[in-house]
*Asks:* 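The structure follows.
Quick caveat: nothing in here was measured; it's all calculated off a predicted structure. Ligands are counted one by one from 1 in listed order, and the atoms in each one are counted from 1 as well.
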Amino acid sequence: MILKYNGPLQMQINDIARVAEYMWQKGWAERNAGNITVNVTEFIGDENKNLPAITRIPLYHTVPELAGQYYYVTSAGSRMRDVARNPMDQGIITRVAVDGKSIDILADKDLPPTIELPSHLLMHQVFAQEAIQQGVPVSAGRRVVFHTHPNELIALSHISELKSTRVITEALYEMHAEVKMCVPNGLAWVPYEMPGSMELAKASIKDLKNFRIMLWERHGVLGTGTNILEVFDAVDTLNTAAKIYLYVHSLRS
Ligand code: 2HA
Ligand code: ZN
C-alpha cells in the first residue's frame, strides 16, 4: 500500500513546500538550516488510516497524548530548497503509535526524521494538552512547528539590552505599527542552549502556552500555529521589524 494524495493532504504538502521555498528565498535557510513538522491528521483521509509502517522508530520521551496523530516531518539533513522542490523526497509522513512510545514511518521513503523531532514532539504534546483542555480534537489545535534562521532577528538576539521577552517585543512593536496586530502575544526570548538539545526544547515549552513565536539566542526562530502560511507571515513580519530596527539604529549612530 502506498500513500494516496487526496486533495486536502496535497494542499497541506504544497503549503509546506511553499514555506520551505520562502525560507530559502529569504536567506533564512543556509545549508540544512531549519526543520518543519505539521500535524496532518485532519487531512490524511480514511484511505490512508491503515497504511502499514515502513519503519518503526522508538521515542526516548513518550507522547501518549499524540497517539494516532499523523505528522509530516522533514528528514534529517534536508535542505529547505530541496523540500521546496520535492517535499516527499525530503520528508516523511509518520503516525504516533497507540502507546505513544514510537512513531511509524508510513510514506513515501524510509528517511530518518529531523534530529529535532523529539523536541518538536514535546511541543506538539503541549498543543495536545491545550486542545484537550479546550475540548477540541488534538488535530484541530496548533498543528505547525517550524524552525528557521532569519538573519535580522538573530542579529537582534546579540544585543544585550534586548535580551528579554518584554524588551524585544516592545522594540519590535515600536518599529512598525502593524507588528502588534500580526503578533499580538509578542516574541518570546529563549536564552542560548545547544541547537538540537532537549534543554533548548524544554526552555522553549516554558513559554509555549502564551507565545506562538520564540527567538532562540544566537540561533533562530521557532514558529508555531495552526496554518503554516500564517506562521510564516508572523515570522516574516517580526523579521521585517528587526530589519527596520537595524536601519534606524545604523542611521542614528
Ligand atoms: O535542522 O537548524 O537547529 C537544522 C537546524 C538545527
Ligand atoms: Zn537551527
*Asks:* Passes side-chain contact (heavy atoms from CB on, under 4.5 Å), Val96 versus Tyr70? Steps please.
*Replies:* CA-CA 7 Å; Val96 178; Tyr70 294 77; over 6 Å; no
*Asks:* Can you pull every nitrogen or oxygen pair between ligand 1 and the protein closer than 3.5 angstrom?
*Replies:*
unit_1, atom_1, unit_2, atom_2, d
ligand 1, 1 (O), Gly34, O, 3.3
ligand 1, 1 (O), Asn35, ND2, 2.7
ligand 1, 2 (O), Gly34, N, 3.0
ligand 1, 2 (O), His147, NE2, 3.2
ligand 1, 2 (O), His149, NE2, 3.1
ligand 1, 3 (O), Glu116, OE2, 3.2
ligand 1, 3 (O), His147, NE2, 3.3
ligand 1, 3 (O), His219, NE2, 2.9

*Asks:* Using a strict 4.0 Å threshold on nitrogen-to-oxygen distance, state whether Lys163 and Glu217 make a salt bridge.
*Replies:*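 Counted as a salt bridge, because a side-chain N and a carboxylate O are separated by less than 4.0 Å.
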*Asks:* What do you get for the angle at the Zn ion (ligand 2) between NE2 on His147 and NE2 on His219, to the nearest 10 degrees?
*Replies:*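 With the Zn ion (ligand 2) as the vertex, NE2 (His147) and NE2 (His219) sit 100° apart.
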*Asks:* Are the side chains of Leu122 and Met198 in touch, meaning some heavy atoms are under 4.5 Å apart?
*Replies:*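 Leu122 reaches Met198 side chain to side chain.
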*Asks:* Looking only at atom types and distance, does a side-chain atom of Ser78 sit under 3.5 Å from a main-chain N or O of Thr74, one as donor and one as acceptor?
*Replies:*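 Side chain of Ser78 to backbone of Thr74, a donor-acceptor pair under 3.5 Å: no, none is there.
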*Asks:* Can a salt bridge be assigned to the pair Asp82 and Arg85 using a cut-off of 4.0 Å between side-chain N and carboxylate O?
*Replies:*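 Salt bridge present between Asp82 and Arg85.
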*Asks:* When you check the side-chain N and O atoms of Gln25 and Glu21, is any donor under 3.5 Å from an acceptor?
*Replies:*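 Note: Gln25 and Glu21 side chains meet the donor-acceptor criterion.
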